Amino acid sequence: MPMLHIYRAADLHTSALLKSRASEVGFEVLASEVCFNIEATAELSADDQTKLQYLLQETFEPQNCSAKPFVSAKGDGDSILEVAPRQQFTSAWSTNAVSICSAMGLVQIT
């Protein structure tokens with residue numbers, strides 16, 4: 001089954017609390033993004049990819065949503081830390097998102 005990744009730029013890195021907690025463990029938070037990991041039973045057509053992108057992007061900032069990540073390491077000493085639930089974890093948000101995809105005709109999204 002294909003695993004799709006859609007990225008959305010986020011401003012989580014501007015949180016004073018997050019910066020403080022990261023500093024306590026030796027990290028500096030420079031940027032942030034949200035990654036949607038989407039499982040599909042088959043490859044999506046171009047039309048279906050457009051529907052999925054529309055569903056996940058911000059209404060007034062579509063340029064902040066992409067199939068390519070916004071955050072990347074800039075130098076040799078840079079690291080990227082990803083924080084997320086396990087991919088096998090199904091949340092209420094995930095269940096609702098799959099239902100919405102189904103209603104939009106994206107039946108390949110599981």
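What you see is a predicted model; the values in this text were computed from it and never measured.
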Residue list, side-chain hydrogen bond (donor to acceptor under 3.5 Å, both in side chains) with E33, at least two apart or on another chain: none

Residues Y7, V34; criterion side-chain contact (heavy atoms from CB on, under 4.5 Å); working and verdict: CA-CA 6 Å; Y7 301 89; V34 174; over 6 Å; no

Residues in side-chain hydrogen bond (donor to acceptor under 3.5 Å, both in side chains) contact with Q63, at least two apart in sequence or another chain: none

Sub-4.5 Å side-chain heavy-atom contact between R21 and V25: no

Verify same cluster id: L106, F36 (apolar side-chain graph, 4.5 Å): yes

Qualifying residues under salt bridge (Lys or Arg N to Asp or Glu O under 4.0 Å), relative to R8, sequence neighbours excluded: E58

For S32, side-chain hydrogen bond (donor to acceptor under 3.5 Å, both in side chains) partners two or more places apart: H13

Whether K19 side chain and E28 backbone form a donor-acceptor pair below 3.5 Å: no

S15 side chain to L12 backbone, donor-acceptor under 3.5 Å: no

With T110 via side-chain hydrogen bond (donor to acceptor under 3.5 Å, both in side chains) - residues at least two apart: E39

Side chain to side chain contact (heavy atoms under 4.5 Å, CB included) involving Q57 - partner list, sequence neighbours excluded: Q53, Y54, P62, C65

C101 vs L55 side-chain heavy atoms within contact, under 4.5 Å: yes

